[in-house]
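What follows is a single structure, written as structure tokens, with notes after it.
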Amino acid sequence: MSDESNPGIRRDGWAELPPMAPAGTPASSAILPPAAARVRAVRPAAGEASAARTVAPSPLDPGATRNPHPLHRVLREEFPLTYDPLLRAWVLSRYADVAAALTDARFTHGHRPGDPPCAQTHVEVDEGELRRVTARTAYVLARRIADRPQADLVADFCRWLPAGAVAAAIGVPYRDMMRLVRGRAASALAGQCTGQISVREKALASFLANVLADRERAAALQGAPAGQIARAWTESLRRDPPVQIAVRRTGAEVRVSGGTIPAGESVALLIGAAGRDPERFRDPDRYDPQRDDPGQLTYGSGTCPAVLLAGLEAEYAVRALLDVMPKLRLPDGFVPERTGLITRAPRTLLVRPGG
């Protein structure tokens, strides 16, 4: 008996979604989206033909929360364009495609801080004043944990610095900081990028985890010029971006690696996968602040208070923590664990302030 003939049976809409298939997999139009026939097949790398998968993994697969990088590698190499029924979107994972989609006018409905659309809603800001309040907030927070035998930088520092910097900049009293800054008050400074506070928290946590993972690296940044810290910050945004997946919609037909995306389609951009594309970055899994092929996709290149604040927070987080606690280090045996599918960062970042 069909579902239609028995109203007591509830239809499962998920069961009717199309299966994920690599670009160009032969299938009838009743199974794949209408434009799938225009997508070319993608050849596996040399020597991998026998091991090539016939079904693409999903960015939402079990296990991706803890370690999405093997899955991202498969998508980049074998499925540069595929349709994911769980995301209900086409998926792009290669750097060239993701970077283009983030700026191409044919992709609509979304922007990053620093992209042209967000500039229309921002007020003029005093960079010198932002620098002053960010530095002051960072040093206050660092001194609060300096005498502890152990602290969690995620809970005690990263969750406070972005909100505190905005609060100080717009004159919100300290006691009202978390309530107001996460609400309408922040829009006076950041316009459409108000919600970026939580993203900056995650970006800062990953950055500090990368810096403190190597004692020599941390020592090199102690008292370093702003440009050197900025390079380390950019490298962290590349390797461990706080936003892993961004969604856009095509306003026109777009040719990408592996085929063509028709107009009017949702597209999931795997920023985390793009940042580790070996076609763009040498030794992409390694955190290397000195690399000569830098780049990041979290922020655009334009002026935006959210982007400016994120960079200042990274700079003064390093300066304050290492100035106030020069022996700061991770506990023996502790490895920060990054988790998350859409956004990703360490849940905890334990440190010993006194070494």
Side-chain angles (χ1 to χ4, degrees), residues 113-114 118-119 121-147 151 153-208 211-212 218 220-234 236-237 242 298-326 328 353:
C118 72
T121 64
H122 293 148
V123 297
E124 293 293 328
V125 296
D126 184 337
E127 182 174 346
E129 178 64 11
L130 288 183
R131 180 175 292 277
R132 185 184 67 80
V133 299
T134 302
R136 183 181 66 190
T137 306
Y139 276 88
V140 167
L141 293 172
R143 294 187 184 103
R144 286 178 57 186
I145 62 177
D147 294 330
L153 289 185
V154 170
D156 299 326
F157 191 89
C158 298
R159 288 179 182 166
W160 292 89
L161 180 55
V166 172
I170 62 179
V172 174
Y174 180 82
R175 64 181 180 275
D176 297 327
M177 178 177 69
M178 298 302 285
R179 178 172 63 86
L180 292 180
V181 169
R182 292 178 180 277
R184 296 180 180 178
S187 65
L189 176 69
Q192 293 182 14
C193 302
T194 300
Q196 285 290 317
I197 288 178
S198 62
V199 172
R200 301 205 314 272
E201 292 172 2
K202 290 177 168 53
L204 184 60
S206 281
F207 175 53
L208 294 177
V211 168
L212 295 173
L221 290 180
Q222 190 169 5
Q228 185 174 338
I229 299 177
R231 288 178 65 88
W233 168 241
T234 297
S236 186
L237 292 175
T298 299
Y299 296 125
S301 59
T303 301
C304 170
V307 178
L308 174 60
L309 271 170
L312 292 175
E313 288 155 6
E315 176 184 346
Y316 284 103
V318 168
R319 295 196 189 284
L321 290 171
L322 296 181
D323 282 354
V324 175
M325 296 167 280
L328 183 71

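The basis for the numbers below is simple: all heavy atoms, side chains too, and nothing from hydrogens, waters or symmetry mates. In what follows, residues are counted from 1 in the order of the sequence shown. No experiment lies behind these values; they were computed from the predicted model shown.
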Within this structure, what is the [atom1]-[atom2] distance for the pair [X] and [Y], rounded to the nearest 0.5 Å?
X      : Y      : atom1 : atom2 : value
Arg159 : Leu204 : CZ    : CG    : 12.0 Å
Glu315 : Phe207 : CD    : CZ    : 9.5 Å
Leu328 : Gln222 : CG    : CD    : 9.5 Å
Trp160 : Arg144 : CH2   : CZ    : 6.0 Å
Leu309 : Tyr316 : CG    : OH    : 12.5 Å
Ile229 : Leu221 : CD1   : CG    : 6.0 Å

Provide the closest heavy-atom pair for [X] versus [Y] in the form atom of the first, atom of the second, distance.
X      : Y      : answer
Pro113 : Ala306 : CB-CB, 4.2 Å
Gly223 : Arg319 : C-NH1, 4.1 Å
Ala205 : Val154 : CB-CG2, 4.0 Å
Cys158 : Leu208 : SG-CD1, 3.8 Å
Met325 : Ala146 : SD-CA, 3.7 Å
Ala317 : Phe157 : CB-CE2, 3.5 Å

Going by heavy atoms in the side chains, are [X] and [Y] under 4.5 Å from each other?
X      : Y      : result
Leu321 : Pro353 : no
Asp323 : Tyr139 : yes
Leu312 : Leu308 : yes
Val199 : Lys202 : no

Could you walk me through whether Thr234 and Arg231 pass the side chain to side chain contact (heavy atoms under 4.5 Å, CB included) test, one step at a time?
-> CA-CA 5 Å; Thr234 297; Arg231 288 178 65 88; 5.7 Å; no
With sequence neighbours left out, what residues match Asp156 under salt bridge (Lys or Arg N to Asp or Glu O under 4.0 Å)?
-> Arg148
Could you give me the CA-CA distance, side-chain angles and deciding distance for Leu153 and Ile145, then say whether side chain to side chain contact (heavy atoms under 4.5 Å, CB included) is met?
-> CA-CA 9 Å; Leu153 289 185; Ile145 62 177; 3.6 Å; yes
